[in-house]
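Just so you know, these numbers come straight off a predicted model, no measurement behind them.
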Amino acid sequence: LAVIEAKAWGKPHTEGVGQAKAYAAKLAVRHTYSTNGQAIYGIDMATGAEGDVAAFPTPDELWHLTFAEANAWRDRFAAVPFEDRGGTWQGRYYQDIAIGRVLDAIADGRDRILLTLATGTGKTFIAFQLAWKLFQSRWNLADRDSGAEPARRPRILFLADRNILADQAYNAFSAFPDDALVRIAPDEMRRKGKVPKNGSIFFTIFQTFMSASKVDEKGHPVPWFGEYPPDFFDFIVIDECHRGGANDESNWRGILEYFAPAVQLGLTATPKRKDNVDTYAYFGEPVFVYSLKDGINDGYLTPFR
């Protein structure tokens, strides 16, 4: 919620103002302070207001200063701690920002959301934490729209374009109860003659969903995804969405349009350029961008040379 830059007792209390502003910008927080232990200088990064303050605000006061408008879903999301596997699975600062931006967009009622993060920066970790917060807070479309107290856990679909990506995601979600996770596999569906519906977090690839389950009375193939009602999933994560998920020329777009009621989050490593402009047309501008350059400067990535 805030940054404090603390300087030595003998320095001016405004000595750290430049650093305080730089850290607040980096961490995407609104309020930042510089102090020498005797006086406090405060800055509101949103309004530009700054000056001496008598005391630091309490955490509750900071929360209300940062989020002036009440939002029940934002408070519910914030009440769910990150799943850190006993402190062994800590998020990086930009992952926390990305998760926060997506949750803010969901709380504000956005239906199409885009995140742009360089390859190797942990998009699966972000998808897991988002699913964890939604699952534990019992966010779902019906209760969101009705304003009722959340009554059921969401149904979330993780959609990739390669089996290895879907399998990696499935394994990374191991903190969820076993009966919550469902790997949608074509051989299993063919054997049972139906799609799996018991579960909370579903994983599959576009190709599986596009393959035919049967033919209609006119002999046209009916894809597997059509076996689900259009409003079955509350939240859909589309991994590497620039590779076809949001491309007008791609048949895969039909899946996203079929499940139009769901809140859809696109994940991509590719900055905006002419060959994936459709991605941005579909999802809108990204709520957060973390580039290859950012990752190298922060020491999380290395130059490919």
Side-chain angles (χ1 to χ4, degrees), residues 1-7 13-84 87 90-111 113 115 126 129-141 143-151 153-154 234-235 263 265 284-290:
L1 286 175
V3 175
I4 301 170
E5 173 59 29
K7 291 300 183 186
H13 70 292
T14 54
E15 178 86 8
V17 166
Q19 282 172 277
K21 289 181 177 179
Y23 291 137
K26 184 98 170 169
L27 296 171
V29 297
R30 178 170 175 176
H31 297 281
T32 186
Y33 301 90
S34 174
T35 183
N36 61 358
Q38 303 165 80
I40 305 165
Y41 191 87
I43 302 113
D44 183 331
M45 299 289 286
T47 66
E50 55 184 271
D52 289 351
V53 294
F56 292 116
T58 66
D60 282 343
E61 287 170 342
L62 259 180
W63 181 265
H64 294 301
L65 281 171
T66 303
F67 305 112
E69 292 182 21
N71 186 304
W73 278 113
R74 184 179 58 228
D75 293 345
R76 289 187 188 113
F77 296 151
V80 177
F82 287 120
E83 169 52 39
D84 62 1
Q90 297 289 335
R92 297 168 177 171
Y93 83 90
Y94 64 84
Q95 293 171 332
D96 292 348
I97 296 171
I99 294 162
R101 293 280 176 84
V102 173
L103 290 173
D104 284 347
I106 294 171
D108 288 340
R110 285 266 304 270
D111 289 327
I113 307 165
L115 277 177
I126 291 168
Q129 296 292 357
L130 287 168
W132 184 260
K133 292 254 191 184
L134 296 176
F135 181 83
Q136 298 297 348
S137 63
R138 294 180 179 267
W139 174 90
N140 64 80
L141 287 176
D143 292 331
R144 180 200 74 170
D145 294 340
S146 70
E149 276 296 304
R153 299 199 188 274
D234 299 287
F235 186 66
V263 174
L265 169 66
E285 291 298 314
V287 293
F288 181 67
V289 176
Y290 189 75

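Remark: of the listed residues Asp52, Thr35, Thr32, Asp52 is the sole one forming a side chain to side chain contact (heavy atoms under 4.5 Å, CB included) with Tyr41.
Arg76 is linked by a salt bridge (charged side-chain N to carboxylate O under 4.0 Å, His left out) to Glu149, counting only residues two or more places apart in sequence or in another chain. Residues satisfying the salt bridge (charged side-chain N to carboxylate O under 4.0 Å, His left out) criterion with Glu69, sequence neighbours excluded, are absent altogether. Every residue meeting the side chain to side chain contact (heavy atoms under 4.5 Å, CB included) condition with Val29, not counting sequence neighbours, appears here in chain and number order: Val3, Ala24, Leu27. Residues that satisfy the ring-ring contact (aromatic ring centres under 6.0 Å, His included) test with Phe235, not counting sequence neighbours, are absent from this structure. Considering only residues two or more places apart in sequence or on other chains, Ala148 meets the side chain to side chain contact (heavy atoms under 4.5 Å, CB included) condition with Asp143, Ser146. For Phe56, the ring-ring contact (aromatic ring centres under 6.0 Å, His included) criterion is met by Tyr33, not counting sequence neighbours. By the ring-ring contact (aromatic ring centres under 6.0 Å, His included) test, Phe67 pairs with Trp63, sequence neighbours left out. Applying the side chain to side chain contact (heavy atoms under 4.5 Å, CB included) rule to Gln90 yields the partners Asp84; only residues at least two apart in sequence or on another chain are considered. Residues passing the side chain to side chain contact (heavy atoms under 4.5 Å, CB included) test with Gln38 are Trp9, Asn36, sequence neighbours excluded. Evaluation of the salt bridge (charged side-chain N to carboxylate O under 4.0 Å, His left out) rule for Arg30 yields Asp44 as partners, not counting sequence neighbours. Glu15 is linked by a salt bridge (charged side-chain N to carboxylate O under 4.0 Å, His left out) to nothing, counting only residues two or more places apart in sequence or in another chain.
Here Ile126 contributes atom CD1 and Tyr290 contributes atom OH; the two are 10.5 Å apart, rounded to the nearest 0.5 Å.
Taking the side chain as every heavy atom from C-beta outward, Gln129 and Glu83 approach each other to under 4.5 Å.
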Would you give me the side-chain donor-acceptor pairs under 3.5 Å for residues 104-111, sequence neighbours excluded?
from: Arg110; atom 1: NE; to: Arg112; atom 2: O; distance (Å): 3.3
from: Arg110; atom 1: NH2; to: Arg112; atom 2: O; distance (Å): 3.0
from: Asp111; atom 1: OD1; to: Arg144; atom 2: NH1; distance (Å): 3.3

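Seen from the ring of Phe82, Lys133 counts as a face-on cation partner, given the 6.0 Å and 45° thresholds.
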